[in-house]
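Predicted model only: the values in this text are computed from it and were never measured. Quick note on labels: first sequence line is chain A, next is B, and so on, each numbered from 1.
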There are 2 protein chains.
Amino acid sequence: MSTQRPYHHGDLRRAVLDAAVEAITEHGPAGVGLRDLARRVGVSHAGPVHHFKDKAGLLTALAAEGFALLADALDATVAAGGDIVELGAAYVRFAVDHRAHFEVMFRPDLYHRDDPALVRERDRAGAALADGVADRPDPELASVAAWSLVHGFATLWNTGALPRDDRDPEAVVRAFAGRLFPT
Amino acid sequence: MSTQRPYHHGDLRRAVLDAAVEAITEHGPAGVGLRDLARRVGVSHAGPVHHFKDKAGLLTALAAEGFALLADALDATVAAGGDIVELGAAYVRFAVDHRAHFEVMFRPDLYHRDDPALVRERDRAGAALADGVADRPDPELASVAAWSLVHGFATLWNTGALPRDDRDPEAVVRAFAGRLFPT
DNA sequence: AGCGCAATCTTTTCACTGTCAAGTTCGTGT
DNA sequence: ACACGAACTTGACAGTGAAAAGATTGCGCT
């Protein structure tokens with residue numbers, strides 16, 4: 001047998017994160033095991049520990065990555081001149097496209113919620129959202145309302161609670177976001 | 001020692017469910033263990049199994065109970081002549097008052113989502129929600145919008161993502177539910 | 001009243017998980 | 001070239017959910 005995998009994986013951290021995303025999209029955050037991930041990646045059962053310290057550490061990294069991706073997506077749409085409805089659509093698109101990340105992000109009982117890197121990215125995403133409603137009357141309330149609307153829709157959609165009659169989730173969100181925030 | 005607990009607990013099923021609610025409100029659904037619950041209730045580690053079969057079975061029962069409670073609460077407010085805004089407020093009040101139930105209910109990866117008793121109560125709650133928006137224009141869309149709004153607010157509130165500046169969550173919800181659904 | 005049966009609970013065991021401590025292998029800078 | 005530290009492995013331990021088999025008890029039936 002010539003194909004012995006090398007002692008050093010190369011980029012184990014990335015590989016484990018990717019495997020976690022795959023496992024979570026299949027079985028939900030509850031059905032993910034450190035040892036199982038190690039197996040998928042082809043590494044000893046304690047390999048990942050060196051990179052994440054904890055199971056919670058792994059999920060912390062995943063959540064941080066998720067908030068970073070979300071912040072990027074939101075920033076991009078405001079940079080493109082998108083209004084508040086576009087911002088909501090981007091939020092929903094992120095939740096649907098990155099379901100694994102999204103589910104972990106809003107389960108703070110699974111990770112270390114005061115991790116500095118995590119906090120940084122989370123605040124960045126929060127700032128992007130706040131910017132989107134800054135020009136509205138009563139921005140405090142508007143921010144909470146907008147966030148609630150898109151977040152609720154996204155989670156209900158992802159858990160399969162909504163009738164999935166082959167409609168595009170983004171289109172649905174645009175429909176009633178326009179009603180709550182008329183231009 | 002005279003106080004030997006009897007071999008039969010009396011109402012173990014109820015006791016375990018209550019213990020689960022307590023444990024989940026403290027540590028989240030991830031931090032609940034079958035054995036731990038058995039300890040709290042003062043019963044051997046395999047005692048609960050006989051009543052719920054599974055860990056998932058226990059959570060199924062909890063979710064079913066939650067949907068039943070929610071359906072009752074919603075039915076009560078429509079019976080009292082509450083409009084759609086009142087219905088939303090009731091939804092949020094339920095989510096805050098019964099956080100443990102609520103969190104499990106919308107994590108279908110944790111329980112048996114096709115359990116007949118569960119399905120029955122879930123549908124009952126869904127019907128109550130649908131009734132509340134039946135007299136609106138485009139009730140299909142209105143139902144999804146209203147549900148998204150209150151559900152999103154409730155989950156964000158419960159996960160601690162929203163600024164908790166000592167405001168009553170019900171009042172907040174009334175404020176922007178009135179905006180989305182003017183009377 | 002008393003008998004038997006089935007529901008309820010316990011005990012034992014097993015495979016599996018996360019975490020830790022100690023070893024092994026390897027890239028990298030000097 | 002060589003040591004040093006980072007990356008991974010190996011082995012062990014306590015704790016978990018699940019299943020099987022045994023102990024206890026309430027309850028219906030005659």
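The side chain of B:Ser44 lies closest to C:dT11 when the candidates are D:dA18, C:dT11, D:dC8. For A:Lys55, whose side chain is taken as the heavy atoms from C-beta onward, the closest listed nucleotide among C:dT19, D:dA6, D:dA18 is C:dT19. Side-chain proximity of B:His45 to the nucleotides C:dT8, D:dC8, D:dA18 is greatest for D:dA18. Closest to the side chain of A:Val49, from the set C:dT19, D:dA18, C:dA7, is C:dT19. Proximity note for B:Ala46 (side chain, C-beta onward) versus D:dT9, D:dA19, C:dC9: the nearest is D:dA19. Distances were taken from every side-chain heavy atom of A:Arg35 (C-beta onward) to each of C:dT11, C:dG18, D:dA18; the shortest belongs to C:dG18. Closest approach to the A:Val43 side chain among C:dA7, D:dT9, C:dT11 is made by D:dT9 (side chain taken as heavy atoms from C-beta onward).
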Check against side chain to side chain contact (heavy atoms under 4.5 Å, CB included), A:Arg164 and A:Trp157: CA-CA 8 Å; A:Arg164 208 108 155 196; A:Trp157 179 273; 3.7 Å; yes
Can you list the steps and then say if A:Arg14 with A:Leu17 is a side chain to side chain contact (heavy atoms under 4.5 Å, CB included)? CA-CA 5 Å; A:Arg14 193 58 270 149; A:Leu17 281 174; 3.7 Å; yes
Worked check of side chain to side chain contact (heavy atoms under 4.5 Å, CB included) between A:Thr155 and A:Phe102: CA-CA 9 Å; A:Thr155 62; A:Phe102 189 75; 3.7 Å; yes
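With rounding to whole Å, B:Leu110 atom CG is found 13 Å from D:dG17 atom P. Rounded to whole Å, the distance from CG on A:Leu12 to P on C:dC26 is 16 Å. Counting to the nearest Å, the P atom of D:dG17 and the CG atom of B:Leu59 are 11 Å from each other. Look at CZ on B:Arg40: it is 12 Å from P on D:dT16, rounded to the nearest Å. Here the C1' atom of nucleotide C:dT19 and the NE2 atom of A:His50 are 15 Å apart, to the nearest Å. For the pair A:Arg13 CZ and D:dC8 P, the interatomic distance rounds to 12 Å; values are reported in whole Å. Between B:Phe52 atom CZ and C:dC9 atom P the separation is 11 Å, expressed in whole Å. As rounded to whole Å, 12 Å separates atom C1' of C:dT8 from atom CG of B:Asp11.
The residue A:Gly33 sits close only to the backbone: its heavy atoms come under 4.0 Å of sugar-phosphate atoms, none of a base. Residue-level contact check: B:Asp36 touches neither bases nor backbone, having no heavy atom under 4.0 Å from any strand.
Note on B:His51: a side-chain N or O is less than 4.0 Å away from OP1 or OP2 of C:dC9. Taking only side-chain nitrogens and oxygens, B:Arg39 comes nearer than 4.0 Å to OP1 or OP2 of D:dT16.
By the 30° and 60° cut-offs, the orientation of the rings of A:Phe94 relative to A:His98 is parallel.
Within 6.0 Å of CD on A:Glu26 lie more than 12 heavy atoms contributed by other residues, nucleotides or ligands.
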